Visitor: 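So that we are looking at the same thing, I have put the structure below in structure tokens.
Everything quoted here is computed from the prediction, not taken from an experiment.
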Amino acid sequence: MDAGGMSSGAKYKCLLFDMDDTLYPLSSGLNLACRKNIEEFMLRHLHINENEVPRMCLDLYREYGTTMAGLKALGYEFDDEVFHTYVHGKLPYEDLKPDPVLRNLLLSMPQRKIIFTNADKAHAARVLNRLGLEDCFEGVICFETLNTPPQPIHYPQEIYKEEAPNKNGFDIKSAAASGTVSDSGRLGTKLPILCKPAVEAIEAAIRIANIDPKYTIFFDDSTRNIASGKAAGLHTVIVGRSILVPGADRALSSIHNIKEAIPEIWEGEQLEQLIQSTAIETVILA
């Protein structure tokens, strides 16, 4: 049974979703396959002692949010794209099946919907395509969004509605295009990798997406990410658990239970909608 403590009657303008192990279950096997590929990369490309790799992989993940971020912090040098291609290139994506139930739920939600993942854009695109959800989200905030030098990017104008700037003066187009993602001026991966569960990463996503945390729900399967999301001012929902964890307002045993657990998402649809409720093409913000 799903647990909750989020105030009823709240009105939400944006839904921020993690992707892996949130939009599909951990039992899919992608998580385990990804870890095996990371360990293989550490062994073959970084020549780390075979006996140390499994423990080191897990310890770095726990300490830095991703093993990749931990390896970079320790001074290992490798190309980000090479790492992502190796780790994700051999994943069993065929094990992910279209999810029409989740698709219909997402398309019925009147709020803006954005993916926020630590993964790279290619992996995000493959997963969303396999799930049949590629047109259910306004955009994807991913590894490249937070860790790539600025590049000019052009987005379809119809995807965005004009909004008053938030208190930080960010908007989703200019922030993503300029590469300005934090007050520290982070521009690329020579600096420490920016990723969840760092509160700085979540605050960067908030600025890039030009959202107000008070009107945003954050869905994630990671207890650490949920705690950081709450610290950043977001409403929070832990996915894949039936009991609350520190920082979580709600607990969902499955993302499919969202309508029963948080019916207020569908309430007040007469309020101004920030995006079209019909399907639109997902934009990768990178």
Visitor: For residues 22-35, which residue pairs qualify under salt bridge (charged side-chain N to carboxylate O under 4.0 Å, His left out), counting only residues two or more places apart or in two chains?
Guide: none
Visitor: Using the side chain to side chain donor-acceptor pair (under 3.5 Å) rule, collect all pairs that involve residues 51-60, keeping only residues at least two apart or in two chains.
Guide: Glu52-Arg55, Arg55-Asp59
Visitor: Using the rule that Ile, Leu, Val, Met, Phe, Trp and Tyr join whenever any side-chain heavy atoms are under 4.5 Å apart, tell me whether Leu16 and Val199 fall into a single cluster.
Guide: no
Visitor: Please test Asp95 against Arg130 for salt bridge (charged side-chain N to carboxylate O under 4.0 Å, His left out), starting from the C-alpha separation and ending with a verdict.
Guide: CA-CA 9 Å; Asp95 291 342; Arg130 291 295 304 180; over 6 Å; no
Visitor: Answer yes when Asp135 and Arg103 have at least one side-chain N-carboxylate O distance shorter than 4.0 Å, and no when they do not.
Guide: yes
Visitor: Hey, is the main chain of Val239 close enough, under 3.5 Å, to the side chain of Asp221 for a donor-acceptor pair?
Guide: no
Visitor: How long is the span from the CG atom in Leu146 to the CD1 atom in Ile193, to the nearest 0.5 Å?
Guide: 11.0 Å
Visitor: Looking at CG of Leu102 and OG of Ser254, how far apart are the two atoms once the value is rounded to the nearest 0.5 Å?
Guide: 8.5 Å
Visitor: CG of Asp249 to CG of Leu244: how many Å apart, nearest 0.5 Å?
Guide: 8.0 Å
Visitor: Side chains of Asp212 and Thr216: is there a donor and an acceptor less than 3.5 Å apart?
Guide: no
Visitor: Measure from the side-chain N and O atoms of Gln111 to the backbone N and O of Ile265, and report whether any donor-acceptor pair falls under 3.5 Å.
Guide: yes
Visitor: Taking only residues at least two apart or on different chains, which pairs with a member in residues 191-222 satisfy ring-ring contact (aromatic ring centres under 6.0 Å, His included)?
Guide: Phe17-Phe219
Visitor: Do side-chain atoms of Asn129 reach the backbone of Ala125 as a donor and acceptor pair under 3.5 angstrom?
Guide: no
Visitor: I need the minimum non-hydrogen distance between Ile238 and Thr223, along with the two atoms involved.
Guide: CD1-N, 4.0 Å
Visitor: Scan for ring-ring contact (aromatic ring centres under 6.0 Å, His included) pairs involving residues 106-131, sequence neighbours excluded, and state none if there are none.
Guide: His88-His123, Tyr93-His123
Visitor: With a 3.5 Å distance limit and no angle check, can you tell me whether Arg112 reaches the backbone of Ala209 through a side-chain donor-acceptor pair?
Guide: yes
Visitor: Checking Asn31 now: which residues fulfil side-chain hydrogen bond (donor to acceptor under 3.5 Å, both in side chains) with it, not counting sequence neighbours?
Guide: Asp21
Visitor: How far does CD1 of Ile255 sit from CG of Leu106, to the nearest 0.5 angstrom?
Guide: 7.5 Å
Visitor: Which residue pairs satisfy the ring-ring contact (aromatic ring centres under 6.0 Å, His included) criterion with at least one member in residues 191-211, sequence neighbours excluded?
Guide: none
Visitor: Taking atom CG of Leu131 and atom SG of Cys136, what is their separation to the nearest 0.5 Å?
Guide: 9.5 Å
Visitor: For residues 48-74, which residue pairs pass the ring-ring contact (aromatic ring centres under 6.0 Å, His included) check, not counting sequence neighbours?
Guide: none
Visitor: Verify, without hydrogens or angle tests, whether Glu144 (side chain) and Lys121 (backbone) share a donor-acceptor contact under 3.5 angstrom.
Guide: yes
Visitor: Work out which heavy atom in Thr236 is nearest to a heavy atom in Ile226; give both atom names and the distance.
Guide: CG2-O, 3.7 Å
Visitor: Grouping I, L, V, M, F, W and Y whenever their side-chain heavy atoms are under 4.5 Å apart, do Leu74 and Val53 come out in a common cluster?
Guide: yes
Visitor: Please determine whether a side-chain nitrogen of the Lys or Arg among Glu264 and Arg250 lies less than 4.0 Å from a carboxylate oxygen of the Asp or Glu.
Guide: yes
Visitor: Is there a donor-acceptor pair under 3.5 Å between the side chain of Lys97 and the backbone N or O of Glu94?
Guide: yes
Visitor: Is a side-chain N or O of Ser228 found less than 3.5 angstrom from the main chain of Asn225, in a donor-acceptor match?
Guide: no
Visitor: Looking at Asp18 and Lys196, is there a salt bridge between them, counting it only when a charged N and a carboxylate O are closer than 4.0 Å?
Guide: yes
Visitor: Please list, one pair per line, the donor and acceptor atoms closer than 3.5 Å that link side chains of residues 38-47 to other protein atoms, with sequence neighbours excluded.
Guide:
from: Glu40; atom 1: OE2; to: Tyr86; atom 2: OH; distance (Å): 2.3
from: Glu40; atom 1: OE2; to: Lys90; atom 2: NZ; distance (Å): 2.6

Visitor: Can you name the residues that form a side-chain hydrogen bond (donor to acceptor under 3.5 Å, both in side chains) with Thr67, not counting sequence neighbours?
Guide: none
Visitor: Please report the interatomic distance CG(Leu71) to CZ(Phe83), rounded to the nearest 0.5 Å.
Guide: 6.5 Å
Visitor: Mind checking salt bridge (charged side-chain N to carboxylate O under 4.0 Å, His left out) for Asp120 and listing every partner two or more places apart, or none if nothing turns up?
Guide: none
Visitor: With clusters defined by side-chain heavy atoms of hydrophobic residues (ILVMFWY) lying less than 4.5 Å apart, directly or transitively, does Trp266 cluster with Ile217?
Guide: yes
Visitor: Residues two or more places apart in sequence or in another chain: which of them pass side-chain hydrogen bond (donor to acceptor under 3.5 Å, both in side chains) with Asn118?
Guide: none
Visitor: What residues form a salt bridge (charged side-chain N to carboxylate O under 4.0 Å, His left out) with Lys36, not counting sequence neighbours?
Guide: none
Visitor: Inspect the surroundings of CD in Glu77 and state if more than 12 heavy atoms from other residues, nucleotides or ligands are less than 6.0 Å away.
Guide: no
Visitor: Is the side chain of Ser28 donor-acceptor paired with the backbone N or O of Leu96 at a distance under 3.5 Å, no angle test?
Guide: no
